[in-house]
Amino acid sequence: MRMRNKCRKPTSVAFPCNAGGSRCSLSVLVWSLVGLLLFLHLYSSLMARNNGGGKVAHVQFRAIHHQLFRELEEVEEENIQIPPPRGKRSPRATKRRPNKKTTTLIDEFLDENSQLRHVFFPGMKTAVDPMKDNGNASSSYYYPGRIWLDTEGNPIQAHGGGILYDERSNTYYWYGEYKEGPTYHAHKKGAARVDIIGVGCYSSKDLWTWKNEGIVLQGEETDETHDLFKANVLERPKVIYNGRTGKYVMWMHVDDANYTKASVGIAVSDYPTGPFDYLGSKRPHGYDSRDMTLFKDDDSVAYLVYSSEDNSELHIGPLAADYLDVTPVVRRILIGQHREAPALFKHEGTYYMITSGCTGWAPNEALAHAAESMMGPWETMGNPCVGGNKLFRLATFFSQSTFVIPIRGLPGSFIFMADRWNPADLRDSRYVWLPLIVGGPADQPLDYNFGFPLWSRVSIYWHRKWRLPTGLSELK
Ligand code: DGJ
């Protein structure tokens, strides 16, 4: 008895072991294995972060560029007072909240007659005109929400867009929806829309001064059966370069005016400035597809990411080697989360994505997601917006994600590209470009990392005015 007790006591402290040695040693084995697995997981995660990019070099780099980062990471507050309610509310605001007596900042934002209109949509007087600065890099300030002029002095028309950095010409190309037409509703319940004109393209060496390269994919004026017939929808065009075929490949969301076609369109060109030949449309993997984007990985495998199942989830799948089609491989992610406007980027081997909620042209809360593999699992990390005020953060600074540009020469730093939609006059929608920094622990621990917040936080900093650090030779 004594001997048995002797054996039992120490064992029962660490592991409840009631019946003899074999069960006891089994639980020791199981717990040791769990411990070992946990240790290995932590170790490999830390190693992964130390490799590929070089953590030490990165830390040194960050220290050297501390000042540059500090400017980008400054938290800037906004204090906007909502004006007292007036007698008349705009029909749009009344439709949104019929019984609402008080107004919210979002109501004010959507109200064409709001006294705050100039805050969200400042006029031509404050337009950003890079040519007026004679290309003087020291004053290359971004002013999120202001009208932004191209090198000819016209407002840039590249909404829902994305950037291609062309290694062959060391040039940035910005592609987006050319919305230079009147806004109307196809029918009473239809969303505000502009007829398809085509995909606009702008080129730049510095991400600030943009030359209009024209419409690189034309809409169709007369053939009603064509996907790009003017009364249809062409949104969120993205272009990637295929090194194997030497072709520039464009994917876009094509739809009818009621958003029931829910397909992707594909076009191709020998040059970044087009013209792009339209190849046709399809429902990828047989699913409905609305907001979409492309992501080209370091190994040149490209992925299509799209909102599906009536926007209730996202789908990710690799493209074929020529980028002209999807492959049968697809993964459903963020199921039931109702996210759209995906914008992807990668840092130190981890994949990140910013998405918006689904509220038409009205702004809503952005979320950041992360994954160790493009095919998932993807985890949601929380709202990445920093600064402004609470309402600014809950409305993604009154904008919606469209793309994330890596800042060359500044690892861990990106430009978050978003659209501030103007549903009353879509051609007058604005661009909100802000610094996005990956660093610091994530807000919410990720489920499958045993509760350890191993991934870095993604932060998008609000600034009324900001610029890229000067002296980034890699940028040009
Ligand atoms: C939200 C999407 O993100 C936009 O691209 C556009 O499709 C609007 N909805 C239309 O309401």
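Each residue takes its place number in the sequence, starting with 1.
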*Taking the side chain from Y306 and the backbone from P284, do they hold a donor-acceptor pair closer than 3.5 Å?*
yes
*asked:* Can you give me the closest heavy-atom contact between S169 and D166, atom names plus distance?
replied: OG-OD2, 2.6 Å
*Note: R290-D310 ion pair, threshold 4.0 Å (strictly below)*: yes
*How long is the span from the CG atom in L72 to the OG atom in S459, to the nearest 0.5 Å?*
11.5 Å
*Please report the closest heavy-atom contact between E313 and I333, naming both atoms and the distance.*
CB-O, 3.6 Å
*asked:* Counting C-beta onward and ignoring hydrogens, is there a side-chain heavy-atom pair between E348 and P411 closer than 4.5 Å?
replied: no
*Backbone N or O of Y461 within a donor-acceptor pair of the E73 side chain at under 3.5 Å?*
no
*Sub-4.5 Å side-chain heavy-atom contact between W466 and L468*: yes
*Counting only N and O atoms by type, is there a donor-acceptor contact under 3.5 Å from the side chain of D419 to the main-chain atoms of W421?*
no
_Value rounded to 0.5 Å, distance of CG in N311 from CG in L314_ = 8.5 Å
_Derivation of the side-chain contact (heavy atoms from CB on, under 4.5 Å) call for I80 and L391_ = CA-CA 10 Å; I80 294 183; L391 282 167; over 6 Å; no
*Using modelled atom types only, decide if a donor and an acceptor are shared between the side chain of T396 and the backbone of A366 within a distance under 3.5 Å.*
yes
*Any side-chain heavy atom of F121 within less than 4.5 Å of one from R420?*
yes
*Do the side chain of Y287 and the main chain of S307 share a donor and acceptor less than 3.5 angstrom apart?*
no
*Indicate the ring-plane relationship of F276 and Y175, choosing parallel, tilted or perpendicular according to the 30° and 60° boundaries.*
perpendicular
*asked:* Distance check, rounded to the nearest 0.5 Å: Y351 atom OH versus L344 atom CG?
replied: 10.0 Å
_Atom pair OG1/CG of T104 and D111 - distance to nearest 0.5 Å_ = 10.5 Å
*Decide yes or no for I460 and R393: does some side-chain heavy atom of the first lie under 4.5 Å from some side-chain heavy atom of the second?*
no
*Cut-off 3.5 Å, side chains only: do S312 and H338 have a donor facing an acceptor?*
no
*Is it true that a side-chain atom of D150 and a backbone atom of G153 form a donor plus acceptor pair closer than 3.5 Å?*
yes
*Return the minimal non-hydrogen interatomic distance between A370 and T350, and the atom names on each side.*
CB-CG2, 4.3 Å
*Taking T273 for the side chain and V216 for the main chain, is one N or O donor matched with an acceptor at less than 3.5 Å?*
no
*Which class fits the ring pair Y172 and Y165: parallel under 30°, tilted 30 to 60°, perpendicular over 60°?*
tilted
*Is T171 close to K205 at the side-chain level, that is, under 4.5 Å between some pair of heavy atoms?*
yes
*Nearest 0.5 Å please: distance from the OG1 atom of T151 over to the CG atom of D129.*
9.5 Å
*V254 versus K261: any side-chain heavy-atom pair under 4.5 Å?*
yes
*Begin from the C-alpha positions of R193 and Y184 and carry the test side-chain hydrogen bond (donor to acceptor under 3.5 Å, both in side chains) through to its verdict.*
CA-CA 6 Å; R193 57 166 284 114; Y184 69 98; 3.0 Å; yes
*asked:* Using a 3.5 Å distance criterion without hydrogens, assess whether the side chain of R146 forms a donor-acceptor pair with backbone atoms of V128.
replied: no
*Among R117, H159, E112, find the one that has a side-chain hydrogen bond (donor to acceptor under 3.5 Å, both in side chains) with N422.*
R117
_Distance flag, aromatic centroids of W148 and Y143, threshold under 6.0 Å_ = no
*Check: D299 side chain, V301 main-chain N or O, donor-acceptor pair, under 3.5 Å*: yes
*Taking all non-hydrogen atoms of both residues, which atom of P363 and which atom of A395 are closest, and how far apart?*
CB-O, 3.5 Å
*Hey, do the aromatic rings of Y352 and F345 have their centres closer than 6.0 Å?*
yes
*What is the distance from atom CG of L110 to atom CG of L105, rounded to the nearest 0.5 Å?*
10.0 Å
*Between W174 and Y431, is the ring centre distance below 6.0 Å?*
yes
*For the residue pair Y259 and H253, does the interplanar ring angle fall in the parallel (under 30°), tilted (30 to 60°) or perpendicular (over 60°) class?*
tilted
*Taking it one step at a time, do F295 and V404 satisfy side-chain contact (heavy atoms from CB on, under 4.5 Å)?*
CA-CA 10 Å; F295 178 77; V404 174; over 6 Å; no
*List the steps, then state whether side-chain hydrogen bond (donor to acceptor under 3.5 Å, both in side chains) holds for R168 with Y241.*
CA-CA 10 Å; R168 305 203 299 179; Y241 176 68; 3.1 Å; yes
*Report yes if the side chains of N389 and N79 come closer than 4.5 Å at any heavy-atom pair, otherwise no.*
no
*asked:* Set out, in order, the CA-CA distance, both residues' side-chain angles and the distance that settles side-chain contact (heavy atoms from CB on, under 4.5 Å) for L319 and L294, then state yes or no.
replied: CA-CA 9 Å; L319 299 186; L294 295 179; 4.1 Å; yes
*Does a side chain donor of either E108 or S114 reach within less than 3.5 Å of an acceptor in the other side chain?*
yes
*Quickly, which of E74, E76, E78, E77 forms a side-chain hydrogen bond (donor to acceptor under 3.5 Å, both in side chains) with W462? Name it, please.*
E78
*List the steps, then state whether side-chain contact (heavy atoms from CB on, under 4.5 Å) holds for S456 with V438.*
CA-CA 6 Å; S456 298; V438 182; 3.6 Å; yes
*What is the minimum heavy-atom distance between T183 and A192, and which atoms define it?*
CG2-CB, 3.9 Å
*Donor-acceptor contact present, side-chain S203 to main-chain Y173, <3.5 Å*: no
*asked:* Is any side-chain heavy atom of I354 closer than 4.5 Å to one of V458?
replied: yes
*Heavy atoms only: give me the nearest D291-P342 pair and the separation to one decimal.*
CB-CD, 4.2 Å
*asked:* For Y248 together with Y323, are the ring centres under 6.0 Å from each other?
replied: no
